Number of protein chains: 2
Amino acid sequence: MGKKITIYDLAKKLNVSPATVSRSLNDHPSISKKTKEKIIDAAKSLGYRTNKFAANLSQQKSNTIGVIVPRLNSNFMSTVLAGIEKVANDVGYNLIISQSLESAEKEVLNAKTLYDSGVDALMISLAYGTENFDHLTTFIDRKIPLLFFDRVFDLPNCPTILIDNEAAGYEATEHLINQGCTNILHIAGGLKRNVYCQRFKGYKRALEKYGITFKEDNLVEVDLDLSRVPEVITHIKESDPKIDGLFVANDTFAVHCIKELKKEGYNIPQDIKVMGFNNDPVSEVISPNLSTMDYPGYKMGVLAGQSIIGHLNGAINLQSANQITLRHTLIIRESTQK
Amino acid sequence: MGKKITIYDLAKKLNVSPATVSRSLNDHPSISKKTKEKIIDAAKSLGYRTNKFAANLSQQKSNTIGVIVPRLNSNFMSTVLAGIEKVANDVGYNLIISQSLESAEKEVLNAKTLYDSGVDALMISLAYGTENFDHLTTFIDRKIPLLFFDRVFDLPNCPTILIDNEAAGYEATEHLINQGCTNILHIAGGLKRNVYCQRFKGYKRALEKYGITFKEDNLVEVDLDLSRVPEVITHIKESDPKIDGLFVANDTFAVHCIKELKKEGYNIPQDIKVMGFNNDPVSEVISPNLSTMDYPGYKMGVLAGQSIIGHLNGAINLQSANQITLRHTLIIRESTQK
DNA sequence: AATTTTTACGCAATCGATTGCATTAATGCG
DNA sequence: CGCATTAATGCAATCGATTGCGTAAAAATT
């Protein structure tokens, strides 16, 4: 394998100008079929590969999309990413993925780096603590498409993709109530984030609807790290009147609550009925199987990808598809049986 | 926010040459402290951000590392990726991540794209079916560092990071034997890949060591997709003599086997003892808890990242750290109790 | 055949940062 | 003070592809 070969090499070899080579390779209409073929053949046989650095510089675009997620290694996120990657890859976009690790500061740094890297668009799912959005408005100011998914925030002209967390929270709670629960504890993630805040709102609305008074004590806001399970268990043990229903904002946490509750001698669902959220694979593994809310991660990724790419291609305009709400589905399993 | 500002803008504003600006920004020794400070201050206050396209073109490097994995959405892989991302991000490298979806063809395409994108290095975990490595030797030919992790292949001068799958397979099988199993079924992934092939070898060696004859019938090679669980169950049900031990090459699959076996009336571990592999979170959720082999994904990612970056910086040379083998740990839980 | 219109291609500037070499300014030294 | 060093900066080419504009050649028109 020799040196990298450039359009200049091709041009020289074929006695045409570099401009012609470039245009041929890009299938520009004003080049005759013959020359095009000649050049493309030569390019192929000489193993020409376009230098993206040069192309990027000259076109001021990178064919790259930046993605910032709270963490890569959660089932939900990696599934969303799989969806995004699929569509991006299919149309020739690269994905630069970075994780904020739930830190607002790191999110800012990530955004800066991606900005510097010249991504053509940014897709983001916010960290727990992000409150300031200057790192994102930079993108908007520079007309770089910005899309939120799952953990969204309302910025002008930014499409968002999510589910109706309020309705889902409502349905989850309603289900528990229908199963006979009257004292339902809700374990929420950071309430700054829409996903948790909305689920909580739904929870409250369901209580109201069924004439149950909401008690501050029945809301626990944690970061959903498993190390926080014990305090939740304590909370439940010390509850008076006794908690008889548990609505947890994510399956992983719910599953570990069940494990601990079982250890403490609780019968699930007889003593406490438990609802999760996400339909994570573990929900089908725990015994009793966890009732949960299905949350279409892969589809979310695919739609997010399609949306941003359509947008980059000018096919979709911002106004028309400013918010996509995906369907959620209540999944009833053993953990909430009467 | 106005237009993007360049070193030329800065140069003009400060009455120096672009060269001086560039050198100042890169802390070149031959620029006086005063001018450096002056320029850096101005850059900061004007919000200068270096145009990576230009820098890349001129330096012929991208500060970007390509990663190809079979799939993003598995707990193990996303954990490894989290580790890689962490170290890469800490030292200012970007990660372009793509998934082969276990298809050799897509892996080739991914490799091409990453090559074209000018990644400074490539890290890869192979798809099930990859047998030809031309798409990777391209990198070697062009002196682009190439590293394998987990699903590796021995190419000259390519560092690999993995665990001792043979030993782990041996220990897993030995444990089953020690617990009294005499007819152990092994569920393997594609045997073309080292991880599965080696685990299988370890399995066989353990059998031999304990005087058990290996039967072809006791090896099932599947792609470990959950849709394949039923056929495994059938296999077990029809086995004669009865299978009393199951060594599955990954936890997810193992867990679903347990679920199905329980449905079929088997008692785990009384009737069949089950060993998984990976120490996936689900292994602690299934009842009975699954014995497994701990496999340090995050650490693998971190080491892989450090290795390739050290290498890019010239700190580590290829020869010295050509293969890193991580420790694995047998984790004994309920599913293999006597 | 003369002229207009198309078609096909080349010229040269551009994108923004980097860097080898030359040059000027500052400093040192006898 | 004059010359040799050394320090600090500028010039201009380079990285490789893209693209507006101009022009020569071919085709169409009358």
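Chain A is the first sequence line, chain B the second, and so forth, proteins listed ahead of strands; every chain is numbered from 1. What you see is a predicted model, and the numbers here were worked out from it, not measured in a lab.
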What N/O pairs connect the protein and nucleotides 20-23 of chain D at under 3.5 Å? Give each pair on its own line.
from, atom 1, to, atom 2, distance (Å)
D:dG20, O6, A:R23, NH1, 3.4
D:dG20, O6, A:R23, NH2, 2.9

Students should find this one: the first and last nucleotides of DNA chain C, 5' to 3', lying under 4.0 Å from a heavy atom of chain A. What are they? C:dA8 to C:dG16
Under 4.0 angstrom, heavy atoms only, what part of the nucleic acid is [X] near: base, sugar-phosphate, or nothing?
X: B:S30; result: base
X: A:V21; result: nothing
X: B:F53; result: nothing
X: B:D9; result: nothing
X: B:N26; result: sugar-phosphate
X: A:S22; result: base

Report yes or no: is the cationic atom of A:R151 (NZ for Lys, CZ for Arg) under 6.0 Å from the centre of the six-membered ring of A:Y128, at an angle within 45° of the ring normal? yes
Cation over ring, B:K4 on A:Y115, under 6.0 Å and within 45°? yes
A:N56 atom CG is separated from D:dT19 atom P, nearest whole Å, by 12 Å
What is the separation between atom CD1 on A:I31 and atom C1' on D:dA25, rounded to the nearest whole Å? 14 Å
Which residue lies more 5' along DNA chain C, comparing B:S58 with A:Y8 via nearest heavy atoms: A:Y8
Take atom [atom1] in [X]; do more than 12 heavy atoms of anything else shown fall under 6.0 Å from it?
X: B:K299; atom1: NZ; answer: no
X: A:D154; atom1: CG; answer: no
X: B:K61; atom1: NZ; answer: yes
X: B:K38; atom1: NZ; answer: yes

Any carboxylate oxygen within less than 4.0 angstrom of a Lys/Arg side-chain nitrogen, looking at A:K86 and A:D90? yes
Parallel, tilted or perpendicular: which one describes the rings of B:F148 and B:F133, with boundaries at 30° and 60°? perpendicular
Measuring centre to centre across the rings, with the benzene-like ring taken for any Trp, is A:F53 within less than 6.0 Å of B:F53? no
Taking OP1 and OP2 of D:dT9, is either one under 4.0 Å from a side-chain nitrogen or oxygen of B:S32? yes
